[in-house]
Structures are given as structure tokens and as C-alpha cells.
Asks: 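Right, I'll just put the structure down here and ask away after.
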Amino acid sequence: MKPNPQRLAPLALPVAAAVLLYVAPNYAAGTSLPFIILNWIVLAESFNMFAGLTGYVNFGHVVFYGVGGYIGGLLMANSMASPYAAVLAGGLGSALLALGMSLPTTRLRGAYFAIATLSINEAVFVIFDNWDAVGSAPGFTIPIADYLPLQVYYVMAIVAALCVATMYFMTRSKFGVAMQAIRQQEKTASSIGVNAAFYKTVALVISGFFAGLAGALAIWQIAFIDPTNAFDVRVTLNSISMVMLGGLGTVVGPIIGGTLLYGVGDYLDRRYPFLHLIVLGVVIIGVVMAMPQGIVGASRRFFQARRIRREESEGDGSNSRDLAHL
Amino acid sequence: MILPELVVLGVAYGLLFGVLALGLTLVWGVMKVVNIAHGDFVTVGAYSSYWLFTLAGVHPILSLLFTIPFGFGLGLLVYLGLVRRVANAPELMSLFLTFGLSTLISSLLLNLYSPNQRGVPISFPSINGLGVVLPGSVAIAAAYSVVVAVLLRLFLRRTFWGKAIRAVTEDREAALLMGINPEAVSLLSFGIGVAIATSVGSIVILLQAVTPTVGGDFTLLSFVIVVLGGLGSPLGALIGGVVIGVVNNVASLYLNAAVTPAIGFIVLVVVLIVRPSGIAGLKPD
């Protein structure tokens with residue numbers, strides 16, 4: 001049996017766990033970089049859960065992040081719940097919001113969906129920007145009396161692992177097959193009994209849940225939230241870029257894309273604040289033009305081509321196993 | 001009388017943004033590409049007119065003679081270099097591509113010209129009539145919009161290429177069988193779409209100061225208008241523009257001024273729930 005990248009997938013989790021534990025002590029020493037990267041990975045992966053699986057672009061992805069942050073932040077600021085419960089509440093609140101959002105939007109096709117979600121983002125921003133009870137435009141801070149950086153980091157790492165694992169199971173279940181059918185031919189899928197609206201709703205709710213957790217964790221970490229940052233369309237833009245760069249619809253794509261893009265972006269941001277966005281724009285355009293399947297898709301094609309060549313040279317060209325969803 | 005004045009103002013602004021939305025809907029109709037960079041071309045037009053005025057003293061209205069052909073040429077280049085490659089790819093790809101293009105344009109402007117607001121210090125005499133006072137610049141915007149809408153309609157109804165655009169919008173394959181080159185039609189309509197956006201920019205600089213990132217607001221506004229009117233319907237875009245213009249202005253009379261920007265989006269979501277393909281829309285498929 002030839003070594004197959006797919007067989008290595010189950011190894012990824014323990015390796016990731018080891019890396020996360022290894023960087024934790026450094027993190028305690030003062031840098032928040034690992035936390036932020038994990039936060040982006042969750043944002044990108046949760047975007048990927050919906051866009052990658054259904055083929056619909058949710059341009060309002062940051063709404064889940066912002067609302068999760070507000071719910072978690074309000075609970076923490078008023079000491080109404082332990083931070084753990086507040087984070088969970090942030091996720092559940094965003095999941096509920098996703099359920100509400102799905103009612104008008106899952107019936108919309110293609111561009112209509114993208115436009116509607118972009119509009120929802122704008123409307124939610126305006127509402128929070130004028131809502132005095134949640135601090136309106138200036139936002140609010142949470143007291144950081146019992147804040148432990150390491151504790152937040154570990155919760156973030158667990159959430160990230162759960163998020164990636166969820167995506168893994170979503171792509172490898174009956175659910176994943178139904179989603180694939182919807183992505184390729186929604187009408188045909190519906191006509192053979194796949195309830196497209198139901199599956200899209202479930203995917204959006206799970207996507208919203210994890211983005212909400214990420215938002216609540218972010219406010220636990222930075223202890224501050226305001227509408228401009230919480231509902232910044234650039235957060236969605238970043239998530240999209242990370243997913244596209246890594247590989248849309250793949251499990252590990254957002255991890256690769258998120259780490260690479262945040263690493264590069266952070267460096268550029270510090271040196272040349274405005275250049276950062278140019279790089280994002282170029283990355284998105286470049287990926288769409290040159291490798292629409294992202295890094296994972298491109299390398300998968302590379303390995304597949306190599307294997308087929310090898311098998312053909314051994315006189316066995318019959319098999320071309322599907323390497324989908326590495 | 002403040003209500004009639006707000007309605008007139010809403011109609012005038014609505015016409016301008018309706019014309020802007022026309023450019024978006026034209027491109028969508030022909031090649032099923034939603035151009036998220038549409039509003040950023042408005043910014044490009046506004047900055048062109050700003051610099052022509054500041055450096056050479058060219059009046060923004062006169063600078064239309066530059067921004068229209070410039071926008072058309074820019075549109076051709078963007079289509080040939082980028083959009084053509086994703087025209088037949090899944091919709092997702094063209095959305096990503098134009099999103100990237102939008103980011104690129106706004107951040108390039110940000111790097112070149114800083115985030116400062118830019119405006120031209122030109123004022124026009126107000127127009128009085130029937131007890132309604134209309135600022136001169138808004139009247140010019142409305143007049144320009146009517147001219148563009150009429151010219152565009154004549155072009156689409158009376159000329160070969162205009163008819164070709166309508167034919168491809170209606171049925172790409174049938175148009176191909178009739179000897180129309182859909183590639184050429186796509187190229188032409190993208191050029192017209194961008195030219196409309198940059199020329200609207202020349203008018204916008206008369207109405208307000210602009211920043212490099214203001215394009216997103218215009219894109220969003222055109223989206224709302226186009227979806228209200230129905231993607232692919234030019235008349236729908238104009239109607240949608242006027243509806244949004246009037247609703248926004250009249251709502252400011254009754255509601256907290258800060259909340260009014262959300263009204264358009266709320267109207268949009270309600271319309272989409274009731275009629276998923278817009279007021280006068282083609283079927284999304």
C-alpha cells in the first residue's frame with residue numbers, strides 16, 4: 001500500500017494537540033499570537049462550514065462573531081455567569097441568530113443570498129451602533145479581575161479542536177453527501193428528496209455557533225467590544241481570504257490559510273498598516289485566478305497526479321481513488 | 001412644508017443611485033456576475049474628478065468627459081484581465097474575485113491618497129418651485145441621472161449592440177445561435193457598467209466629500225436597489241432607487257436619524273421574504 005495523505009488525517013489531532021500544549025508556556029510569557037491565530041482558524045473554519053459545503057457566500061459571517069462577543073461580554077461584564085457559561089451563551093446566541101437568519105435567506109439563490117447577508121451585516125451594525133443599553137457606538141469594557149491568559153488560551157484551543165473535528169465529521173457523513181449534492185445541483189438534489197433548506201439551515205446554525213464562540217472568546221481575551229470592530233466586514237473578508245487560500249470546502253484548508261495569512265498579515269500590519277489590505281486583495285484575486293482550489297486542492301492534485309503516474313508505470317491505471325476532503 | 005421637500009430630495013437622490021444600480025444590473029443580466037467592486041469604481045471616478053478640479057481647475061461636470069471614457073476603458077481592462085476568467089465558473093468565484101478587486105482598489109486609494117476626506121468647494125444656487133427648495137447640486141444629479149437613463153434606454157432599444165445586450169440577457173445560447181458574440185457583449189456591458197459607476201462618481205463629488213473606503217457603501221446601496229427592483233431589470237433598478245431614496249429621506253422625519261441607514265436594509269429583507277426575486281425581477285435561475 002502506498003502512503004496516502006488521507007490515512008494521515010487521524011494523526012493530525014494528536015499532533016495539533018501537542019503543538020498547542022507546546023506553545024502554551026510561551027503564550028503565558030506574554031504573547032497573544034497563538035490565541036489570535038486559533039481565533040482566526042475558528043472564524044475561517046466556521047465560514048468554510050457553510051460556504052465550502054453549500055456553495056453560498058455568507059457575507060455577514062462577522063455578525064455571528066459580533067453578536068457572540070456582545071452576549072458573552074454582557075454576561076461577563078455584569079458578572080451574571082462564569083466566563084465559561086458566558087462563552088457558551090455567546091455561541092448559543094449566535095446559533096439562534098443563525099436560525100433566525102436562515103428563515104428569509106435559505107430560500108434565496110446565489111447572488112441574492114450574498115447580498116441579503118451583506119445587508120443584514122449592515123443593519124445589525126447600525127442597530128448595535130445606536131443601542132444605548134449595550135454601550136452604543138463607544139462599546140464597553142469588561143473587568144479583568146479574574147482573567148487568566150492561560151485559561152482563555154486552553155478554552156480557545158479546545159474550541160478550535162472541536163470546530164475542526166465538527167467540520168471533519170460534517171464532510172464525512174450522510175450530511176456531507178447531501179451538502180455536496182446541494183452545492184453541485186440544488187434543484188436536482190431537491191427533486192430526489194434532499195431537503196436543501198433544512199441542510200442549509202443546519203450548516204448555518206453550526207457555523208454561527210462556532211463563530212459566536214470565537215467572538216465571546218475574543219472579548220474574554222481583549223476585554224473590550226465596540227460595534228465598529230465587532231461587525232467589521234473586514235473580518236468576513238479575512239475569513240474568506242483564509243479559506244480561499246487554504247482550500248474552500250476542505251477540513252485543513254482554513255488551518256493552513258488562517259495561520260499563513262494571519263502570520264503574514266500581522267507582520268505587514270505592523271510595518272505598513274495600509275499595505276495589509278492590498279495584500280489581502282491580491283491574495284484573493286490571485287487564488288481565484290491561479291488556484292481556485294487553494295493550497296490543499298493544489299497539493300492534492302499534485303499528489304493525485306503523481307500517484308496516477310506511478311500506478312500507470314506499474315501497469316495498474318484502473319484505480320483513481322477519490323481523495324476528496326483531505 | 002418639509003414632507004414634500006424630503007420626497008423631492010429622495011426622488012432626486014434615488015434617481016442617481018438608481019442609475020448607479022443600472023450599471024450593476026446590466027452586468028449581472030449579461031454575465032451573471034455580481035460586481036462587488038461596483039461602488040469602488042464610483043470612488044475612482046470621484047477621485048479622478050477631485051484631482052482634475054484640484055490640480056487643473058476642471059469643473060467636475062466637465063470632467064465627465066474624462067471619467068466616462070476612462071471608466072469604459074478601465075472596465076474593458078478589468079473584464080479582459082480578470083472577470084472573463086471567472087464568467088463561467090461557479091458564482092462563488094466571481095463573488096470572491098470582485099470582493100478581492102474591491103479591497104484592492106480601496107486599499108490602493110488609501111495608500112495613494114490617505115484616509116482624509118476629499119471634496120470640491122463648489123456651490124450651486126438652489127432651485128425654488130411650488131414651495132419646495134432643492135439644492136442645485138442635487139438637481140444636477142437628478143438631471144444627469146435622467147439623461148443617462150434615457151440614453152441607455154435608447155441604446156438598449158434602438159441600436160444593434162443594445163439589442164444584442166438584451167438578447168444575451170434573455171437567453172445567452174439563443175443569442176449565440178442568432179450570430180451574436182456573447183463574449184463581445186459581455187465586454188461591452190462591463191465597460192458600460194464601470195463607465196456608469198465612474199461617471200456617477202463625478203456627480204457624487206458635487207454632493208459629498210469622499211474617502212477611499214466609501215465605495216462599499218455605494219455597492220451596498222446599489223445591491224439593495226437592484227434586489228428591490230429585481231436583478232437584471234433596468235426599469236426595476238430605477239424604481240428601486242426612487243423607493244429607497246424616498247423611504248430613507250421620509251423615514252428620517254419620523255425616526256431617530258441614526259437608525260435611518262438601517263431602514264433600506266430592513267425594507268430589503270422584508271421584500272426578499274415576500275418576493276424572493278424582487279419587485280420586478282427575473283427568476284434567479
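Side chains are part of it too, since the values below use all heavy atoms of this structure and drop only hydrogens, waters and symmetry mates. Below, chains carry the letters A, B, ... as their sequence lines are ordered, and counting in each starts from 1.
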Asks: Contact part of B:L82 toward chain A, heavy-atom cut-off under 4.5 Å: side chain, backbone, both or neither?
Replies: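 Interface part for B:L82: both.
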
Asks: Side chain, backbone, both or neither: which part of A:A123 has a heavy atom under 4.5 Å from chain B?
Replies: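 It is both, since atoms from each part get that close.
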
Asks: Which bit of B:I36 is near chain A, if near means a heavy-atom gap under 4.5 Å: side chain, backbone, both or neither?
Replies: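 Just its side chain gets close to chain A.
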
Asks: Compare all side-chain heavy atoms of B:E183 with those of B:Y79 and state whether any distance is below 4.5 angstrom.
Replies: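 In contact.
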
Asks: Is chain B contacted by the side chain of A:M244, its backbone, both, or neither, given a heavy-atom distance below 4.5 Å?
Replies: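 When you check distances to chain B, only side chain atoms of A:M244 fall under 4.5 Å.
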
Asks: In terms of heavy-atom proximity below 4.5 Å to chain B, should A:I120 be classed as side chain, backbone, both, or neither?
Replies: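 Contact with chain B involves the side chain of A:I120 alone.
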
Asks: Is the ring pair B:F41/B:F190 parallel, tilted or perpendicular, if the boundaries are 30 and 60 degrees?
Replies: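 Ring orientation of B:F41 relative to B:F190: perpendicular.
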
Asks: Cut-off 3.5 Å, side chains only: do B:S102 and B:D40 have a donor facing an acceptor?
Replies: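 Looking only at side-chain atoms, B:D40 and B:S102 do form a donor-acceptor pair, the distance falling under 3.5 Å.
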
Asks: A:L248 versus chain B, heavy atoms under 4.5 Å apart: side chain, backbone, both or neither?
Replies: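 Side chain of A:L248 only, per the 4.5 Å heavy-atom cut-off to chain B.
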
Asks: Output the option from B:N111, B:V33, B:L101 having the highest count of non-hydrogen pairs under 4.5 Å with chain A.
Replies: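 Ranked by contacts with chain A, first place is B:N111.
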
Asks: Measure the acute angle between the ring planes of A:F47 and A:H61, then classify it against the limits of 30° and 60° as parallel, tilted or perpendicular.
Replies: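 If you compare the ring of A:F47 with that of A:H61, the planes turn out perpendicular.
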
Asks: Is the terminal nitrogen or CZ of A:K200 (NZ for Lys, CZ for Arg) located under 6.0 angstrom from the six-membered ring centre of A:Y56 and within 45° of that ring's axis?
Replies: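 Positive - A:K200 is close enough to the ring of A:Y56 and near enough to its axis.
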
Asks: Establish, from distance only, whether the side-chain atoms of A:N229 and A:D232 form a donor-acceptor pair under 3.5 Å.
Replies: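 No.
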
